[in-house]
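Keep in mind that this is a model prediction, so the values were computed, not measured. To find a chain, count down the sequence lines: A is the first, B the second, and so on, and within it residues start at 1. Note that these values count all heavy atoms, side chains included, but never hydrogens, waters or copies made by symmetry.
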2 protein chains.
Amino acid sequence: MSSIRVLIAEDQAMILGALAALLAGEPDLTVCGRAANGREALRALTAERPDVLITDIEMPEMTGLTLAAETRTRFPATQVVILTTFARPGYLRRALEAGAKGYLLKDRPAAELAEAVRRVHRGERVIDPELAAEAWASERDPLTERERQILWRAGEGRSSAEIAAEVHLSEGTVRNYLSEAISKLGAANRIEAARIARQKGWL
Amino acid sequence: MSSIRVLIAEDQAMILGALAALLAGEPDLTVCGRAANGREALRALTAERPDVLITDIEMPEMTGLTLAAETRTRFPATQVVILTTFARPGYLRRALEAGAKGYLLKDRPAAELAEAVRRVHRGERVIDPELAAEAWASERDPLTERERQILWRAGEGRSSAEIAAEVHLSEGTVRNYLSEAISKLGAANRIEAARIARQKGWL
DNA sequence: ACTCGCCCGTGACACTTGTCATGCCGGCGC
DNA sequence: GCGCCGGCATGACAAGTGTCACGGGCGAGT
């Protein structure tokens with residue numbers, strides 16, 4: 001009986017090593033590669049053709065979400081498990097749309113990781129239970145592309161005038177979009193709006 | 001020859017388990033306890049009296065920095081290593097003031113963790129080299145306690161009037177403090193000021 | 001005793017921000 | 001073709017924000 005071959009992508013080297021050590025303790029799993037970002041992961045996928053890819057979301061070079069989408073089209077035999085800190089419905093939705101089969105939070109017990117790998121390898125889906133419930137109850141991203149673009153800049157501390165110059169719009173229009181975003185999100189001002197959008201994974 | 005006894009405090013269960021697995025691979029180290037927050041860590045310290053405590057900074061109940069300070073006074077035989085994501089000079093400074101002997105970033109290679117544990121156990125100091133250099137060049141926290149308190153709330157999206165009510169000050173005074181903080185940090189507005197302060201580890 | 005720093009407050013002013021009404025254009029569905 | 005929606009824009013007003021000048025009190029250090 002051959003073991004399940006796993007590739008891990010995670011930008012924090014120490015966590016990457018620790019996760020590898022964790023899975024090394026499982027007799028039916030083999031860590032066949034490690035990657036520090038999305039680009040490295042693609043190279044390793046080509047070379048190793050692993051059964052399962054475990055990836056973080058927020059990484060430099062290429063996020064785990066785009067990596068998941070790439071993997072589905074170019075390496076359909078490899079199942080993807082997202083492993084992240086963020087319990088954001090927006091992230092979960094995007095992960096599933098990108099073809100990920102698993103979505104696991106870093107605050108779950110360590111034993112669940114190996115179990116999740118086995119289950120997606122058997123063709124099952126593994127979604128963090130709490131998050132799954134919340135995602136169903138939670139509304140989807142109400143922001144337009146423009147609103148997102150402008151709200152993001154506002155969240156960085158830029159003024160309406162600065163944003164207007166950056167995106168080639170009039171200052172009044174920028175304030176319009178912000179006003180729209182604020183009311184859609186039920187916030188009191190641009191700061192709170194940015195905070196809410198970030199927290200839901202819409203920014 | 002007896003092995004070094006290590007206690008790990010980290011709020012993300014999976015990372016906690018993975019770090020334990022990582023250190024379990026070292027023959028001269030023994031993981032004698034695990035804690036999901038500062039309070040649990042104190043209980044484990046009392047029960048186990050480990051040689052070395054590895055702790056994250058941002059944890060619920062009690063941060064790693066206050067945990068480090070408590071450890072120095074109540075369990076002086078235990079050396080503390082801070083293990084965190086954040087390369088913030090302010091955090092490093094506070095960690096050293098709290099008596100920590102090591103400050104390691106989660107993006108260092110996994111092998112450095114065990115090595116750091118051995119070195120602090122021998123009485124050496126272990127500071128992330130890049131961060132040490134940066135910390136020396138970087139100025140220290142210019143904010144007063146009041147300014148920090150108010151700037152933090154402003155960063156959450158609260159208005160001056162709301163903050164005034166929360167901290168029992170007049171609205172004008174709140175705007176005064178914010179104005180002070182903004183100018184100290186060289187920011188253009190409260191949002192940017194909060195961002196800068198957060199990034200430097202002053203909030 | 002005196003100064004200095006932090007704390008607390010006021011009032012006034014200029015500027016930024018949030019809202020609303022209103023309008024124009026282009027694409028999409030029916 | 002018509003309505004609707006998203007994007008783009010303007011002007012005007014109210015509310016919120018940032019700055020400045022000024023005042024008072026308290027505790028620590030010289």
Which pairs, protein N/O on one side and nucleotides 3-7 of chain C N/O on the other, fall under 3.5 Å?
{"from": "C/dC7", "atom 1": "OP2", "to": "B/T144", "atom 2": "OG1", "distance (Å)": "2.7"}

Identify all pairs in which a protein N or O lies below 3.5 Å from an N or O of nucleotides 20-24 of chain C, and state each distance.
{"from": "C/dC20", "atom 1": "N4", "to": "A/N176", "atom 2": "ND2", "distance (Å)": "3.0"}

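Atom OG1 of B/T63 and atom CG of B/D11 lie 11.5 Å apart (nearest 0.5 Å). Taking CG from B/L65 and CD from B/E70, the interatomic distance works out to 12.5 Å, rounded to the nearest 0.5 Å. If you take CG on B/L19 and CD on B/Q12, they are separated by 10.0 Å, rounding to the nearest 0.5 Å. If you take OG1 on A/T78 and NE2 on A/H121, they are separated by 9.5 Å, rounding to the nearest 0.5 Å. Note that CD of A/E40 is 12.0 Å distant from CG of A/L45, once rounded to the nearest 0.5 Å.
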>> Return a single string for nucleotides 23-29 of chain D, one symbol per nucleotide in 5' to 3' order, where B is base contact, S is sugar-phosphate-only contact and - is none, cutoff 4.0 angstrom on heavy atoms.
In response: -------
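Between the CG atom of B/L178 and the P atom of C/dT16 there is a distance of 17 Å, given to the nearest Å. Straight-line distance from the CD atom of B/E180 to the C1' atom of D/dA21: 14 Å, rounded to whole Å. One can place CD1 of B/I182 at 10 Å from C1' of D/dT19, the figure rounded to the nearest angstrom. The nearest whole Å value for the distance from the CZ atom in B/R190 to the P atom in D/dG16 is 11 Å. Look at CZ on A/R175: it is 12 Å from C1' on D/dA15, rounded to the nearest Å. The distance from atom NE2 of A/H168 to atom P of D/dC8 is 12 Å, rounded to the nearest whole Å. When the C1' atom of D/dG7 is taken as reference, atom CG of A/L143 falls 15 Å away, rounded to whole Å.
Each of C/dT17, D/dT10, C/dT10 was ranked by its minimum atom distance to the side chain of A/E171; first place goes to C/dT17. The A/S170 side chain lies nearest to D/dA9 when the options are C/dA12, D/dA9, C/dG18.
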> Is there a salt bridge (Lys or Arg N to Asp or Glu O under 4.0 Å) between A/R94 and A/E97 once you walk through the steps?
Replying inline: CA-CA 5 Å; A/R94 283 199 264 163; A/E97 282 167 6; over 6 Å; no
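If one axis is set at each end of the helix from C/dA1-D/dT30 to C/dC30-D/dG1 from five pairs, those axes are 40° apart, to 10°.
Contact record, B/R74 with B/L42: NH1-CD1, 3.9 Å, taken as the closest heavy-atom pair. Contact detail for A/R108 and A/P129: the closest heavy-atom pair is NH2-CG, 4.4 Å. Contact detail for A/N37 and A/P60: the closest heavy-atom pair is CB-O, 3.3 Å. When all heavy atoms are compared, the tightest approach of A/L22 to A/L113 is CD2-CD2, 4.2 Å. When all heavy atoms of B/G157 and A/N189 are compared, the closest pair comes out as O-ND2, 2.7 Å.
Inspection of the B/T30 and B/S3 side chains reveals an N or O donor paired with an N or O acceptor under 3.5 Å.
The stretch residues 148-165 of chain A touches DNA chain C through A/S159, A/S160, each having a heavy atom within less than 4.0 Å of the strand.
Contact check for A/Y91 versus A/E58: side-chain heavy atoms found under the 4.5 Å cut-off.
Each of B/V117, B/V120, B/V80, B/V81 was compared with B/L53 under the side chain to side chain contact (heavy atoms under 4.5 Å, CB included) criterion, and only B/V80 meets it. Just one of B/L83, B/L131, B/I54 meets the side chain to side chain contact (heavy atoms under 4.5 Å, CB included) condition when paired with B/L104; it is B/L83.
Within the structure, every pair that satisfies the side chain to side chain donor-acceptor pair (under 3.5 Å) test and touches residues 174-183 of chain B, not counting sequence neighbours, is listed here: B/E171-B/R175.
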